[in-house]
Protein chains: 2
Amino acid sequence: MADINVSLTARTGKSEPGAAARLSPAPEGEPMLDLIELLFFAYRNFVSDPDEILHGFGFGRAHHRVLHFVNRHPGMRVTDLLDILRITKQSLGRVLRELVDQGFIDSRAGASDRRQRLLYLTPKGEALTQEFVAIQSRRLRRALEESGSESRDVVRRFLVAMIDPEDRSPTEKLIARADQAVEARGATRSRPAG
Amino acid sequence: MADINVSLTARTGKSEPGAAARLSPAPEGEPMLDLIELLFFAYRNFVSDPDEILHGFGFGRAHHRVLHFVNRHPGMRVTDLLDILRITKQSLGRVLRELVDQGFIDSRAGASDRRQRLLYLTPKGEALTQEFVAIQSRRLRRALEESGSESRDVVRRFLVAMIDPEDRSPTEKLIARADQAVEARGATRSRPAG
DNA sequence: CGAAAAAAGTCAACATGGCTGACATAAATG
DNA sequence: CATTTATGTCAGCCATGTTGACTTTTTTCG
């Protein structure tokens with residue numbers, strides 16, 4: 001289970017006595033080579049789960065992200081999605097069109113601002129999204145079980161802290177904007193789809 | 001700091017009382033929506049650090065990975081790198097050629113098996129790699145500090161456990177193969193570059 | 001020794017998912 | 001009515017993955 005650490009540490013210790021600390025004594029602090037590497041392998045396996053499912057639909061990772069965030073924020077605007085994903089309108093446009101055309105996402109004009117396209121998962125989209133959530137959650141639960149009882153809180157705090165402070169509340173902004181819109185006109189948007 | 005969790009949890013609680021648990025009572029276990037999302041944001045920020053540096057050299061993430069693993073395993077074979085990265089020879093060939101041509105990586109024929117190309121970082125390649133290690137280690141150290149004293153071990157165990165068991169020792173295989181080669185002919189390869 | 005296998009490299013073609021730039025349209029806003 | 005905003009779209013480029021076919025060099029093994 002701790003195979004990777006042991007061997008990587010051993011290897012580093014044998015052939016390279018700490019690359020960054022070799023010339024001057026730790027000018028930057030301890031190099032976290034093991035965690036850097038583990039993050040690479042862990043994330044690769046983590047995203048490969050949905051990748052396999054997506055392949056069957058002719059979709060890719062980009063589609064997964066869109067489905068995920070629309071699931072998280074039903075009725076979100078296209079602009080909100082662009083802010084979260086940080087890709088261009090053109091890049092998003094491609095995958096969004098495919099998802100709408102194939103009936104995974106429903107795009108409806110906003111009731112109060114009809115320029116907006118508010119995004120919802122269709123039942124078909126919800127089913128697919130839940131597959132992803134299920135398989136990734138399974139991996140996460142297994143990992144948390146293997147890493148100790150209080151690991152969930154530690155891991156969550158760690159992951160939050162890994163995010164740039166200014167990026168830590170993209171969803172707050174989204175929710176704030178939605179709430180603001182609701183306030184400005186009465187609760188029109190809270191359940192626009194019924 | 002815990003902004004994301006709070007709001008996302010609140011949001012989920014408000015609008016969707018647990019998507020996977022809505023129809024039947026938790027058929028798959030608790031959905032880890034918060035961690036799924038946090039991993040996405042955390043990893044994006046994590047890899048964006050080197051990305052910026054790489055852009056200045058006309059390089060991309062693929063180059064980063066190659067530099068990283070050659071740094072970890074000086075003298076590794078091209079095949080070893082292919083096994084770790086799990087990309088095709090052709091994909092690796094492109095970035096490797098650029099790295100060799102521009103003097104970041106040195107590729108030398110193996111002493112005992114001259115079909116092999118053993119890969120080493122040049123001083124130039126080492127300098128660049130250490131930039132990446134430094135900046136990513138800084139983020140990791142900060143995150144570990146923010147998430148508690150025993151967090152490093154918990155996080156490391158968690159990340160190892162996130163990896164498919166059969167993938168947990170790619171480096172073992174590499175080292176085993178190298179050691180085997182060394183045994184088979186006496187320690188020819190341990191410092192072939194002097 | 002000679003055949004087969006292994007390590008590496010290369011050419012060509014294609015897919016995905018990023019990007020920029022330039023526009024177009026509809027709707028809201030002042 | 002002019003401007004801004006939200007969205008969408010065309011065209012083309014780049015990075016990095018893929019498959020398939022092949023070559024060269026060298027090692028291994030019957």
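Order of the sequence lines sets the chain letters (A, B, ...), proteins ahead of strands, with each chain counted from 1. All values derive from a computational prediction rather than experimental measurement. Computation of the quantities below employed the complete heavy-atom set of this structure, encompassing side-chain atoms and omitting hydrogens, waters and symmetry-equivalent molecules.
Separating the CD atom of A:Glu98 from the P atom of D:dG8 is a distance of 14 Å, rounded to the nearest angstrom. Summarising the geometry, the separation between CG on B:Asp101 and P on C:dG9 is reported as 11 Å, rounded to the nearest angstrom. Rounding to whole angstrom units, CG of residue B:Leu81 and C1' of D:dG17 are separated by 15 Å. Rounded to a whole Å, the CG atom of B:Asp80 is 15 Å from the P atom of C:dA6. Rounded to an integer number of Å, the gap from B:His64 NE2 to D:dT16 P is 13 Å. Computed from coordinates, the A:Glu52 CD to D:dT18 P distance equals 14 Å when rounded to whole Å. A straight line from CG of B:Asp51 to C1' of D:dC14 spans 14 Å, rounded to a whole angstrom. Following rounding to the nearest Å, A:Arg97 (CZ) and C:dT16 (P) show an atom-to-atom distance of 13 Å.
Residues A:Phe57 and A:Phe104 place their aromatic rings such that the two centres sit under 6.0 Å apart. Side-chain rings of B:Phe69 and A:Phe40 approach one another, their centers coming within less than 6.0 Å. Ring-centre distance between B:His68 and B:Phe132: not below the 6.0 Å cut-off.
Residues B:Thr122 and B:Ile105 form no side-chain contact, since every pair of their non-hydrogen atoms from C-beta on lies 4.5 Å or further apart. Residues A:Asp106 and A:Leu121 fail the side-chain proximity criterion, which asks for heavy atoms closer than 4.5 Å.
Within 4.0 Å of A:Gly93, counting heavy atoms only, lies no atom of the nucleic acid at all.
Taking the ring centre of A:Phe46 as origin, the terminal cationic atom of A:Arg139 falls outside the region bounded by 6.0 Å and 45° from the ring axis.
Distances shorter than 4.0 Å separate some side-chain N or O of A:Arg77 from OP1 or OP2 on D:dA6. Contact between the side-chain N/O atoms of B:His63 and the OP1/OP2 oxygens of D:dT16 is found at a separation under 4.0 Å.
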Notebook entry, point to check: Taking protein heavy atoms under 4.0 Å as touching, what does nucleotides 18-30 of chain C look like 5' to 3' if B marks base contact, S marks sugar-phosphate-only contact and - marks none?
Noted result: BBBBB----BS--
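Ion pairing between a basic and an acidic side chain is recognised when a charged N comes within 4.0 Å of a carboxylate O; B:Arg44 and B:Asp49 show no such pairing.
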